[in-house]
Amino acid sequence: MGLLSDPVRRRALARLVLRLNAPLCVLSYVAGIAWFLALAFPPLTQRTYMSENAMGSTMVEEQFVGGDRARSFARDFAAYRRKSGALPVAWLERTMRSVGLEVYTQSFSRKLPFPDETHERYMVSGTNVYGILRAPRAASTESLVFTVPCGSDSTNSQAVGLLLALAAHFRGQIYWAKDIIFLVTEHDLLGTEAWLEAYHDVNVTGMQSSPLQGRAGAIQAAVALELSSDVVTSLDVAVEGLNGQLPNLDLLNLFQTFCQKGGLLCTLQGKLQPQDWTSLDGPLQGLQTLLLMVLQQASGRPHGPHGLFLRYRVEALTLRGINSFRQYKYDLVAVGKALEGMFRKLNHLLERLHQSFFLYLLPALSRFVSIGLYMPAAGFLLLVLGLKALELWMQLHEAGVGLEAGGGPGPSAPLPPAQGVGLASLVAPLLVSQAMGLALYILPVLGQHVATQHFPVGEAEAVVLTLLAIYVAGLALPHNTHRTTAGLHCPYQLLTGLPVGRHYGTCCCTHRASWAPAPLCCSAGTDRPSSHTLGQPVPVAGATGGTAVDSRGLAALPGGTGPGCPGALHLRCPALPTAGPGPLPLLAALLECALLEVRSACLKHSILPSSGK
Amino acid sequence: MAAAMPLALVVLLLLGPGGPALAEPPRDSLREELVITPLPSGDVAATFQFRIRWDSELQREGDTDHYFLRYAVLPREVVCTENLTPWKKLLPCSSKAGLSVLLKADRLFHTRYHSQAVHIRPICRNARCTSISWELRQTLSVVFDAFITGQGKKDWSLFRMFSRTLTEPCPLASESRVYVDITNYSQDNETVEVNPPPTITYEDVILGTRRTYAVYDLLDTAMINNSRNLNLQLKWKKPPENEAPPVPFLHAQRYVSGYGLQKGELSTLLYNTHPYRAFPVLLLDSVPWYLRLYVHTLTITSKGKENKPSYIHYQPAQDRLQPHLLEMLIQLPANSVTKVSIQFERALLKWTEYTPDPNHGFYISPSVLSALVPSVVAAKPVDWEGSPLFNTLFPVSDGSSYFVRLYTEPLLVNLPTPDFSMPYNVICLTCTVVAVCYGSFYNLLTRTFHIEEPSTGGLAKRLANLIRRARGVPPL
C-alpha cells in the first residue's frame with residue numbers, strides 16, 4: 001500500500017516492470033510450462049486414497065459366477081440383433097422380465113444437423129430398453145445405473161450379456177438399498193442422452209422421445225460398460241465427460257480398488273500403470289498419460305456414455321474391455337466380479353459422492369494431481385497476459401505524463417527523421433512469412449491425424465480448422481517490425497491530437513496488420529493506404545473525414561493505416577472494407593480481416609485432403 | 001403388486017376433545033385373520049389383520065373437531081424390526097399362539113414389501129351413538145418374493161414363508177381364520193392348487209373385482225386335529241408366464257425434474273387406465289418450506305389439454321414454521337395420463353439447519369391420492385360385522401365404486417450444500433484479507449500528507465555541505 005501513496009516507489013516499480021517486462025514474461029511462461037511438465041513427478045503427484053467413509057472400510061465378497069450365462073445371453077443377443085438389424089427390443093424386454101426386472105422401453109428420434117457418416121441419414125430413431133431392480137422394502141428414492149450403449153455395428157454384445165447375467169445375480173440378493181437401473185441404449189450416446197433427458201424431464205438437445213413410464217428416484221452413480229469379446233486382457237477406464245467434466249475421484253478409486261483386488265489389468269488412456277516412480281521412466285510415462293488426458297478434456301467431447309451423466313450431477317465412468325495380444329486373459333467372471341463389487345460398495349453410499357476431488361489430473365490410475373497443484377502452472381501462463389497488459393497501461397500513463405511535461409499536445413511534436421529502409425529490416429518479415437508458409441503447408445496434414453483422433457471433427461474439417469488455428473496463432477506473432485522501418489516506438493506517438501488512452505484501436509490495427517502478407521490483404525480493399533505520404537505522420541482523426549474520434553475510438557480503423565506501415569510496400573495494412581458510414585466495431589473489423597485472409601488461403605489449401613483421398 | 005411400494009410412516013392424529021383416559025378397559029372380541037394372495041408374478045402376499053374392541057366409559061362430545069385434525073409424515077423412516085416388536089406386544093396372545101406365531105422378524109423382513117399399521121377409532125355401540133366402544137386394528141402386509149425368498153421356486157407353503165405352521169388358535173379369539181385367494185383356481189384353467197383342499201369358500205367383491213377365497217377356520221377343531229398342524233400349500237400347476245402384471249385403474253408416479261441446484265419441478269403423473277369412466281381424485285401435497293413453490297407455475301394437463309381443477313386449497317409455507325399445503329380435486333378423464341407439475345426454487349438453509357448428511361438430500365413427503373374408483377363388478381352393500389376384516393380395508397361407498405387411498409413415492413431432493421470442511425479455510429482467508437486490506441487502508445486514511453522539500457541529497461551531498469558550511473561557502 002506504500003505503492004499507492006509513494007510516487008517515487010511506484011515509479012521505480014513501473015520502471016522495473018517496463019524494463020524487465022520481456023524477460024519476466026518469458027520467465028513466467030517457461031515457469032508455467034516447466035511446472036506443468038513437473039506435475040507427473042512424485043512430489044507433485046500424490047497417491048490416490050478413498051475419501052468416502054461408506055465405501056472405504058467395508059468388506060465385500062463377490063459371488064458372481066454367471067460367466068456361462070453371460071456368454072449365452074451375449075450369443076442370443078448377437079443372433080437376434082443380426083436377425084432384426086437393430087436392437088432386439090422384444091427379446092431384451094422378455095429376457096429382462098424373465099430375470100425379474102421391471103421392464104420399460106423408451107423410443108426416441110432426433111434429426112441430425114449433418115448426415116451421419118455410415119448411413120448418410122438425417123433422421124435417427126431408436127428404442128432404449130431399461131429394467132429396474134427394485135430394492136426390497138425401500139421407497140425408490142435413490143438408484144444406481146448400469147448402462148451399455150449399443151451402436152449401429154454389432155459390437156458390445158458381450159456387455160449386454162454381462163449386464164443381463166449381473167441383473168439375474170443381483171436380483172437374487174437381499175442386500176440392495178438402492179434401486180438399480182439396467183439400461184441398454186441404442187445409437188450409443190444419442191440413446192443415452194435421450195434417456196437421461198426423459199428421466200429428468202428436460203429437453204436440452206431438441207430430442208423427441210416418449211416419456212418414461214418407470215423411474216427410480218435420484219440417480220447416485222452410473223457405470224457404463226463397453227465389451228466386445230468373451231475374454232479381455234485389460235480394462236480401460238474413461239473419465240472425461242462432456243466439456244471436460246470429471247466424475248468424483250472416489251468413483252475412480254473404487255474401480256482401482258477392485259482392479260487390484262481381482263488382479264485385473266487396468267489401464268488409463270490405454271496406458272499401463274508405471275510401476276517404478278523413483279526412476280525417470282515412470283514419471284515420463286505418467287506425463288504422457290496426463291497430457292493425453294488434458295487433450296481428451298480439451299476436446300470437450302464425452303469420452304464414453306458416462307460423460308452425459310455428469311451434466312445431471314451423476315458421478316459416472318466408462319469401462320472398456322480391451323482384447324489385445326497379451327498372453328494372460330480374463331474371462332467375463334472377473335469383469336463381472338469387479339462390477340459386482342463396485343455396485344455393492346456404491347449401494348453402501350449414504351450420501352452422494354462428494355468427499356473427494358472433482359477437479360484433478362491423472363498421470364496414472366493410482367496417482368493424481370489435485371487442482372491446487374496444477375493451477376499454478378495455469379497461473380504462470382496467465383501471468384504473461386497480466387504483465388503485458390500492465391506494460392501497455394504503464395506505457396500509456398508514462399506517455400501521457402511525458403506529453404504533458406513536453407510542452408503540451410500539438411501537431412508540432414518533434415518528428416523522428418524518416419530513415420531509409422535497410423535490407424536487415426526485411427529479414428524479420430521475410431522469416432515470418434516463410435515460416436507461416438511452411439506451417440500452412442505442413443501442419444494441416446500433420447495435425448490431421450491427431451485432430452481426428454481426439455476431437456470430434458472429420459478429416460477435411462481438421463485441415464481447415466488447423467489453418468484457422470495457425471492464423472489465430474499468427475495474431476500473436478511479432479507486431480513491431482515497423483519499429484525499424486519507421487523508427488517509431490509506438491504509433492500513438494503520432495496521434496498527438498488524441499487524448500491519451502484512446503489509441504488502442506489504431507495501435508492494434510497497425511500492429512496487427514503490419515506483418516500480414518500484402519497480396520492477401522490489400523487485394524480486398526479499394527482504399528489504398530499508399531495515398532498517404534510515406535513516413536509522414538497523419539493524424540488519424542483527419543483521415544476519417546474530420547470526424548473527431550469519439551469514445552468508440554475505432555472510426556480511425558479503415559483509413560488510419562498510413563503511419564503504421566510506411567516504407568516497405570509489402571507490409572501494408574489491409575484496407576478493411578468500409579461497409580457503411582458508421583465505424584466498424586474493433587472486433588468485427590479484426591475478425592473480418594482475419595477471415596478474409598483465411599478464406600483466400602483456405603481455397604488454396606483445402607484441396608490437399610480431397611486430392612489425397 | 002410385486003413392485004415395491006413406497007414405504008412411509010404416516011401418522012394421522014385424531015384428537016378428540018379430552019384425551020382418552022380410561023381405567024382397565026374390558027377387552028373382548030378379538031378377531032384375527034390371515035389373507036394369502038398368490039400374485040401372477042409367482043410372488044405371494046400375506047396380510048394379517050387383528051381387531052380388538054373394548055367398551056369404554058368415555059363419552060364422545062359431538063363430532064370430530066376438524067381444528068384438531070393433524071397430518072404428519074416421516075418420509076425418511078423405513079419400517080424395521082424395532083417397529084415390529086412393540087406392535088406385536090399390543091396383541092393379546094403376543095406371538096405365543098394363534099396366527100401371531102407366524103410373525104417372525106427374520107422372515108417378515110426378508111420380503112419385498114412390508115407395511116404395518118395401527119388404527120384406533122371410536123365405534124358407536126348403538127344407532128343413536130349414546131355409548132361408544134374403542135376399536136384397535138392392527139394390520140401387517142408382506143409380499144414374499146419368489147426370486148429371493150423362494151429361491152426361484154414358485155410353490156409356497158406356510159412353512160416356506162414363515163418357517164412356522166399353525167397349531168392352535170389364540171384362546172382369546174372369537175374368530176380366527178385363514179383366507180386363501182383361489183380366484184384363479186376356481187376358473188377353468190386351474191393354475192393354482194391349494195392343499196389341504198378347502199371345505200368352505202367365500203366370495204366377495206374386492207377392489208372392484210370378484211374374488212373367491214378358500215376359508216380355513218382355526219376354531220374348527222377338525223382342521224387342526226387331523227394333522228396336529230396346518231401347513232397350507234400353494235402349488236402352481238401351470239407356471240405363470242413372465243408378462244407385465246395387470247395395471248390397476250388408478251396409479252401414480254412422482255418425480256423431480258430438471259437438473260442443477262437452483263430450480264426444479266415437482267411432477268406427479270396420475271394414470272387413469274379405465275377404458276371409459278372418468279373419476280375425480282383428491283390430491284394432497286405437503287411440501288417443506290425449503291422448496292419455494294411458484295404457485296403460478298402450477299399446471300395440470302390431461303391428454304395435452306389444460307385440466308382445470310374443480311377445487312384448490314393452498315396454504316403457503318412459512319419459513320421454518322409450516323410447510324406448503326396444496327390440495328386439489330382433479331377430474332381424471334378416461335384412459336388418460338394427467339400431469340400435475342409445479343416449479344420450485346431450492347432455498348438456502350442456515351448452516352446449522354442442515355442434517356448431518358446434507359449431501360444425501362432432503363426428503364419430500366409423498367402426495368396422497370384419494371379417489372372413488374369405478375369397479376368392474378357391482379358390489380352389494382354388505383353387513384360390516386359379518387364380513388371378514390379384510391373386506392373393510394376397501395370400503396365401498398355404493399355399488400359402483402370403491403375407495404382407494406394411494407401414496408406416491410417420497411422424493412429425495414438435493415439442496416445447495418456448503419462444503420462443511422470449508423469454514424476453516426474461509427476463516428483463514430477472510431482474516432488474511434481483512435488484515436491486509438484493513439491495515440493498509442487504515443494507514444492510508446489516517447496518514448497526513450504534506451509537501452516535502454526536495455531531499456537534501458545523499459550521504460555524499462550531506463558530507464559536502466558539512467564541509468562547505470565549515471568553509472563558510474553556501475551549501476549545494
Side-chain angles (χ1 to χ4, degrees), chain A residues 1-5 8 52 54 93-104 132-143 168 170-177 179 196-202 204 211-218 220 311-314 349-355, chain B residues 2-8 41 75-76 78-80 109-114 142 145-149 151-152 242-244 253-261 265 267 269 337 339 341 357-361 363 366 409-414 417 419 421 436-437 439-441 443-444 447 449:
Chain A
M1 282 292 153
L3 277 178
L4 283 181
S5 52
V8 180
E52 179 64 56
E93 270 189 278
R94 208 168 49 239
T95 318
M96 280 189 177
R97 202 163 280 138
S98 75
V99 299
L101 303 182
E102 218 182 289
V103 190
Y104 301 97
I132 305 179
L133 161 55
R134 298 279 181 197
R137 299 183 312 286
S140 285
T141 49
E142 296 168 276
S143 56
F170 287 177
R171 181 63 177 80
Q173 310 306 317
I174 193 80
Y175 43 66
W176 299 112
D179 291 4
L196 277 169
E197 283 181 16
Y199 193 92
H200 293 93
D201 203 5
V202 288
V204 192
L212 294 194
Q213 299 288 316
R215 284 187 170 79
Q220 305 288 309
R311 185 202 321 223
Y312 300 92
R313 207 160 165 254
V314 177
L349 278 183
L350 295 174
E351 304 180 57
R352 267 173 197 275
L353 285 172
H354 68 284
Q355 298 270 11
Chain B
M5 299 290 286
L7 213 153
S41 57
R76 190 168 197 163
V78 172
V79 178
C80 69
F109 288 103
H110 257 225
T111 49
R112 196 146 169 73
Y113 173 77
H114 183 111
V142 287
D145 187 358
F147 274 91
I148 296 174
T149 331
Q151 279 106 38
N242 282 312
E243 54 193 29
Q253 191 192 5
R254 196 165 188 235
Y255 57 90
V256 182
S257 38
Y259 59 92
L261 285 178
E265 195 174 39
S267 307
L269 296 179
V337 185
K339 182 176 180 186
S341 63
D357 51 353
N359 282 289
H360 178 64
Y363 282 91
E409 51 267 75
L411 299 175
L412 195 57
V413 174
N414 276 89
T417 309
D419 181 354
S421 61
V436 169
C437 287
S440 44
F441 271 106
N443 184 1
L444 268 184
R447 182 179 286 187
F449 291 90

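The analysis underlying the following values was restricted to heavy atoms, covering all of them including side chains, and did not include hydrogens, waters or symmetry mates. Numbered from 1 within each chain, the chains take letters A, B, ... in sequence-line order.
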Open item on the list: Set out, in order, the CA-CA distance, both residues' side-chain angles and the distance that settles side chain to side chain contact (heavy atoms under 4.5 Å, CB included) for B:Tyr259 and A:Val204, then state yes or no.
Closed with: CA-CA 11 Å; B:Tyr259 59 92; A:Val204 192; 3.9 Å; yes

Rounded distance (nearest 0.5 Å) linking atom [atom1] of [X] with atom [atom2] of [Y]:
X	Y	atom1	atom2	result
B:His360	A:His354	NE2	NE2	12.5 Å
B:Lys339	A:Asp201	NZ	CG	3.5 Å
B:Asn359	A:Leu353	CG	CG	10.0 Å

- [ ] Sort out for me which of A:Pro211, A:Gly217, A:Gly100 touches chain B most, counting heavy-atom pairs under 4.5 Å.
- [x]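 Top option by heavy-atom pairs under 4.5 Å: A:Gly100.
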
Part of [X] lying under 4.5 Å from any heavy atom of chain A:
X	value
B:Asn414	side chain
B:Thr417	neither
B:Phe109	both

Open item on the list: Between B:Gln253 and A:Gln213 (side chain of the first, backbone of the second, donor and acceptor by atom type, cut-off under 3.5 Å), is there such a pair?
Closed with: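 Yes, B:Gln253 side chain to A:Gln213 backbone: donor-acceptor pair under 3.5 Å.
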
Task: Minimum heavy-atom distance between B:Leu261 and A:Arg313, given as atom pair plus value - done: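 Heavy atoms only, the tightest pair is CD2-NH1, 4.0 Å.
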
TODO: Could you tell me which non-hydrogen atom of B:Pro358 sits nearest to which non-hydrogen atom of A:Glu351, and how far apart they are?
DONE: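 Here B:Pro358 and A:Glu351 meet closest at N-OE1, 3.7 Å.
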
Task: chain A interface, residue from B:Gly258, B:Cys80, B:Ser267 that has the most non-hydrogen pairs under 4.5 Å - done: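 Sorted descending by pairs with chain A, the first entry is B:Gly258.
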
- [ ] Look at B:Val337, B:Leu412, B:Leu411 and state which one has the largest set of heavy-atom pairs under 4.5 Å with chain A.
- [x]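 Looking at each of B:Val337, B:Leu412, B:Leu411 in turn, B:Leu412 comes out on top.
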
Task: Close side-chain approach of B:Asp145 and A:Pro136, heavy atoms under 4.5 Å - done: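 A side-chain contact is absent here, since even the closest heavy-atom pair is not under 4.5 Å.
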
TODO: Would you mind reporting whether A:Arg137 and B:Thr111 have side-chain heavy atoms less than 4.5 Å apart?
DONE: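 Sidechains of A:Arg137 and B:Thr111: in contact.
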
Task: Under 4.5 Å from a heavy atom of chain B, the part of A:Leu196 involved - done: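 Answer is neither: A:Leu196 stays 4.5 Å or more from chain B.
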
